[in-house]
**Student:** 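Here it is: the structure, laid out below.
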Amino acid sequence: MYIIGHKNPDTDAIVCALIAADYFTQLGMEVTPIRLGELNKETEFILKHLGIQAPELKTELEQDAKICLVDHNEKSQSIDELEKYQIEWIIDHHKFSLNTATPLNIRAESLASTASVLYKMYIENDLEISKKIAKLMICGILSDTLYFRSPTTTTIDKQIALALNEIAGFEDLEAFSLQMFDAKSDLSDFSAREIVTLDYKPFEFNGKKVNIGVMETTNPKFALDIKSDILEAMKQEKLEQGLDGILFVAVDILNEKGTAFTLDEFEINMIESAFDSKKLEDNLFDIGSVVSRKKQIVPKLESYFA
Ligand SMILES: [Mn+2]
């Protein structure tokens, strides 16, 4: 069975492919973790720091291959031609919109990271959590919660991170999270198009195709300084992907604030109606303490388009 995180993988998608591979191996299965895209700089930093190899990049598998989806369940975010494969497992913490042809195993909880869900699965099955796996789990939690800042964070996620650190032994979790976020914020060698699509997910709201890119950063000024390039990249994306709308949000991790880049009428109406927003300058809106696509952006757009 192949373990697959979502396209445009973030840290949780990558570490959970590695963690789930260890989990299923301990249960006696033969599994291979893979990834569907390049690592972001945060994940690159983490794996280098921990001395752990990334899952192999693989975007096509043999027909009927057995797969386990981690950290996603939407077809549009998964491996191309998903219907060619047999989904055996989904381990996730997102909203569901998947229809499957056959029965399967699903484990989903509304915790802040898929790593937290996997932690519970280890405990329930009385499996050993090695130092390496504990570190990967903590990184998944720190990344998805923005060091417990995101409103997706639950007390369970915090308890899990603390319990894991008994094994992992990070000296200072907050300091380490800052190193992660600084690594992620260094986008100097990326094009505007790459920045817009780095942490990027397609959604369909009431028949409207809207893609949402998020840039979690400790340096929001970087994106504001290249506003016109970002808008141009969004325009190209919207055109080439045939989208109804495109949204790009720069999330200031340390100050817990979101700034939305809006391309056109469609996006401006969307932002003004769906969010408590303040226009900063042309095509730029302060959308307040919005840091989570999953919990704050997507639900607001769901109700706006409904
Ligand atoms: Mn996640």
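Every number for a ligand or one of its atoms is a count from 1 in the order of the listing.
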**Student:** Look at the side chain of Asp264 and the backbone N and O of Phe266, then say whether any donor-acceptor pair between them is shorter than 3.5 Å.
**Tutor:**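 Checked: no pair found.
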
**Student:** Phe305 vs Phe205 aromatic rings, parallel, tilted or perpendicular, using cut-offs 30° and 60°?
**Tutor:**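 Judged by the thresholds at 30° and 60°, the geometry between Phe305 and Phe205 is parallel.
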
**Student:** Please confirm if an N, O or S atom belonging to Asp92, backbone or side chain, lies less than 2.8 Å from the Mn ion (ligand 1).
**Tutor:**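 Short answer: no, not a single N, O or S atom is under the cut-off.
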
**Student:** Under 2.8 Å from the Mn ion (ligand 1), is there any N, O or S atom belonging to Asp12?
**Tutor:**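 Yes.
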
**Student:** If two hydrophobic side chains count as joined below 4.5 Å and joins carry through other members, does Val249 share a cluster with Phe181?
**Tutor:**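 Same cluster.
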
**Student:** Between Asp64 and Lys84, does at least one N-O distance fall below 4.0 Å, as a salt bridge requires?
**Tutor:**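 Salt bridge flag = no for Lys84 with Asp64.
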
**Student:** Is the distance from the Mn ion (ligand 1) to the nearest N/O/S atom of His93 under 2.8 Å?
**Tutor:**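 Under 2.8 Å: His93 contacts the Mn ion (ligand 1) through an N, O or S atom.
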
**Student:** Hey, what's the angle at the Mn ion (ligand 1) spanning OD1 (Asp71) and OD2 (Asp144), nearest 10 degrees?
**Tutor:**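 OD1 of Asp71, the Mn ion (ligand 1) and OD2 of Asp144 span an angle of about 160°.
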
